[in-house]
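This report refers to the structure that appears directly beneath it.
Side chains are part of it too, since the values below use all heavy atoms of this structure and drop only hydrogens, waters and symmetry mates. Residue numbering restarts at 1 for every chain, and letters A, B, ... go by the order of the sequence lines.
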Number of protein chains: 2
Amino acid sequence: MGRTEVVVICGGLGPTHDDLTREALAAATGRPLEPRPELIAALEERFLRLGRTMAASNLRQTQVPAGANPIANPIGTAPGIFLEVAGRLIYALPGVPDELTAMLDSFVLPDLLARGGGPPIVTRTLRTAGVAESELAERIAGVVDRLRGRAGAPRLAILSSVGEVRLTLTAPVGTPEVDSVAAELRALLGPDLYGEGDDTLEGVVSAMLRARQLHLAVAESLTGGMLASRLVGIPGASEVLLAGYVAYSPAAKTRDLGVPPETLEAYGLVSTETAIAMAVGARGRAGAEVGLSTTGEAGPDPAEAPVGRICVGLAWEGGSEAWTAHLGGGRGAIRQRTCTWALDRLRRWLLGSETGEP
Amino acid sequence: MGRTEVVVICGGLGPTHDDLTREALAAATGRPLEPRPELIAALEERFLRLGRTMAASNLRQTQVPAGANPIANPIGTAPGIFLEVAGRLIYALPGVPDELTAMLDSFVLPDLLARGGGPPIVTRTLRTAGVAESELAERIAGVVDRLRGRAGAPRLAILSSVGEVRLTLTAPVGTPEVDSVAAELRALLGPDLYGEGDDTLEGVVSAMLRARQLHLAVAESLTGGMLASRLVGIPGASEVLLAGYVAYSPAAKTRDLGVPPETLEAYGLVSTETAIAMAVGARGRAGAEVGLSTTGEAGPDPAEAPVGRICVGLAWEGGSEAWTAHLGGGRGAIRQRTCTWALDRLRRWLLGSETGEP
């Protein structure tokens with residue numbers, strides 16, 4: 001409060017003894033905590049609806065500093081607190097990520113926008129998969145050099161996460177160059193660009209399948225359900241994903257997916273042949289137009305193949321294809337990257353384009 | 001560096017123009033960047049091994065400030081940097097979580113311990129599932145009150161994440177009370193305590209199944225592979241998880257799991273009857289001793305049942321049981337909590353104990 005006009009506090013609003021944000025706010029602003037009858041009523045109603053008994057400690061969550069207003073929590077029990085003190089705006093929100101995000105969107109950001117404040121920023125996010133960060137950096141080096149250090153130019157950042165790389169352009173609203181630079185980047189990215197803004201790879205692939213009225217079945221070895229789970233994370237998944245098979249063991253690959261034991265024996269569990277047989281099996285069993293599979297060695301010890309070697313298989317009416325790659329990282333990262341890579345292979349097949357590399 | 005003896009920097013060591021930690025370190029310490037031949041050789045070897053071509057921009061990662069030492073990165077391309085300047089220790093590590101964690105464990109923490117430093121802290125973490133944070137807080141209120149504010153007493157925190165609550169006891173090494181307080185908390189937690197330290201619920205359940213030579217098959221509707229994926233995240237999963245079936249659609253429930261259409265019709269997709277039929281079907285199909293299933297409504301719109309209503313089914317030789325709950329949160333949190341709750345139901349069944357609530 002001594003150095004900024006807006007304070008956003010995250011966490012410490014729960015019911016337990018170490019949730020101290022309420023007490024800290026009261027102490028910092030000299031305003032005593034007061035119980036709010038409407039919060040008590042809402043909390044009792046919520047527990048009743050969920051069929052649970054309310055512990056007395058939950059009542060701590062119904063206190064706010066005098067003069068403060070509760071911020072409604074649409075998905076949890078802890079309300080937020082809004083307080084204006086000596087020209088300072090204080091927003092205290094729960095630390096649970098889902099709840100924090102929901103309340104930022106429903107209250108804090110609209111409230112700040114309504115109060116005016118500084119010039120808003122525009123951000124363009126371009127999302128890629130299947131291409132290395134360093135390769136992208138070389139491809140866009142001309143744009144980077146042109147913008148770098150020039151006053152008034154949009155800022156361009158390259159951000160890498162597990163299996164994906166995104167470019168962000170940031171500038172004050174009204175910077176005319178943003179649109180032209182974004183268009184230039186889109187042209188440079190070509191089919192490596194899978195989406196923009198809040199798009200996800202699984203959301204884009206689901207929408208492409210839905211638009212073509214294609215249905216998908218997945219068969220997973222090392223990813224073990226993670227690929228299906230990403231697709232089910234998209235609302236309306238049942239229109240796209242007919243079935244998923246977690247076939248981590250050789251026996252499951254044969255029993256549930258019809259992979260011939262001879263294929264496993266001759267080529268190994270981590271092979272393009274096994275990946276294709278898994279995709280063909282999932283597609284046939286579920287009656288889907290498209291089958292997608294993953295197999296590979298996630299470690300920590302190399303059992304079936306060198307750690308990080310993975311294969312993705314794709315099967316469709318009258319054809320199949322498989323790819324192999326060597327991915328870095330620990331067990332978790334290898335599994336995540338394999339899912340991203342499998343989704344991206346499917347996306348490129350749907351695009352009719354086959355240009356990326358892991 | 002002006003106010004602390006140890007600086008740990010996270011991120012900004014990648015190959016692109018906005019990875020500026022190297023340049024910032026050089027500017028802050030007045031030491032020019034120098035290429036390190038052994039880093040160039042290691043990077044070339046790595047790209048060769050992965051079968052990829054190295055972009056020239058990767059060479060930026062081979063520069064460190066004069067007098068600094070690279071920190072080996074066991075799983076990624078960006079080495080860290082260690083620098084000692086005017087009695088200050090500076091550790092720059094990559095931002096990728098896997099790599100950061102690996103290098104903290106392999107270099108930074110051992111280095112700090114070897115240098116002595118302040119008195120080390122001991123932490124005991126007790127992990128629970130299936131019990132609400134507020135209920136736990138009431139149960140341990142006596143311990144909390146006894147420790148609170150007393151000089152030399154261990155600090156006790158309650159931390160809630162999606163579906164789990166953990167207690168942490170923190171104190172300087174040698175505080176004798178830590179062991180007795182931990183024992184007291186264990187007794188209070190009883191069967192709600194699933195593990196300690198770095199234990200995970202899926203790891204504990206996998207170990208219990210393995211110890212009894214029981215095998216598992218899972219059938220998932222709303223969780224859509226997330227439950228299987230958590231189990232496959234544990235190395236050696238093939239000894240425990242025989243198969244997973246993602247049966248998000250009614251057709252898949254009948255085709256792959258043998259759920260009678262009459263059951264779906266009479267009781268609905270989100271019902272204990274459907275959950276049991278799914279668990280029975282997965283168990284039978286995979287030839288597993290135990291079947292575990294999830295079904296429920298994750299939203300965002302209530303299609304099959306009120307958003308947040310979920311059912312978990314369990315089937316074993318000669319018996320079955322199902323539970324229903326109403327969980328809060330968004331689509332992602334409901335799915336995560338359902339997985340945690342299903343694993344915890346299985347754990348309690350394995351314990352022969354049935355006392356928790358969601």
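- Heavy-atom distances place the backbone of A:Ile234, and not its side chain, under 4.5 Å from chain B.
- Atom CZ of A:Arg337 is separated from atom CG of B:Asp98 by 7.5 Å, given to the nearest 0.5 angstrom.
- To the nearest 0.5 Å, the span separating CG on B:Leu167 from CG on A:Asp18 amounts to 9.5 Å.
- Of all the listed residues (B:Ala243, B:Gly299, B:Gly233), the one sharing the greatest number of non-hydrogen pairs under 4.5 Å with chain A is B:Gly233.
- Between chain A and the residues B:Thr223, B:Val144, B:Leu231, the most heavy-atom pairs under 4.5 angstrom are made by B:Val144.
- Heavy atoms closer than 4.5 Å to chain B are found in both the backbone and the side chain of A:Arg285.
- B:Val232 has its side chain out of reach of A:Leu222: every pair of non-hydrogen atoms, C-beta onward, lies at least 4.5 Å apart.
- Judged by distance alone, with hydrogens and angles left aside, the side-chain atoms of A:His17 form no donor-acceptor pair with the main-chain N or O of B:Ile158 at under 3.5 Å.
- Looking at A:Glu138, the atoms closer than 4.5 Å to chain B (heavy atoms on both sides) all sit in the side chain, from C-beta outward.
- Contacts of B:Asp19 with chain A are made by side-chain atoms alone, with heavy-atom separations under 4.5 Å and no backbone atom involved.
- Ranked by heavy-atom pairs under 4.5 Å with chain A, the first of B:Ser221, B:Gly95, B:Gly225 is B:Gly225.
- Counting non-hydrogen atoms of neighbouring residues, nucleotides and ligands closer than 6.0 angstrom, the CZ atom of B:Arg146 exceeds 12 such neighbours.
- Residues of residues 248-258 of chain B lying under 4.5 angstrom from chain A, judged on non-hydrogen atoms, are B:Tyr248, B:Ser249, B:Ala252, B:Arg255, B:Asp256 in numerical order.
- Interface remark: of the candidates A:Pro306, A:Ser161, A:Ser238, A:Ala137, A:Ser238 forms the most heavy-atom pairs closer than 4.5 Å to chain B.
- Neither the backbone nor the side chain of B:Thr101 comes within less than 4.5 Å of any heavy atom in chain A.
- In terms of non-hydrogen atom pairs under 4.5 Å with chain A, the most contact-rich of B:Ala247, B:Ala298, B:Gly287, B:Ala286 is B:Ala286.
- For a heavy-atom cut-off of 4.5 Å, chain A lies close to B:Gly328, B:Gly329, B:Gly330, B:Arg331, B:Ala333, B:Arg335 in residues 328-335 of chain B.
- When side chains are defined from C-beta on, A:Ser229 does not count as touching B:Ser229, because their heavy atoms never get closer than 4.5 Å.
- At a 4.5 Å heavy-atom cutoff, the contact between A:Ala237 and chain B is made by backbone and side-chain atoms alike.
- Taking chain A as the reference chain and counting heavy-atom pairs below 4.5 Å, the highest number among B:Glu239, B:Arg309, B:Gln61, B:Glu133 is found for B:Glu133.
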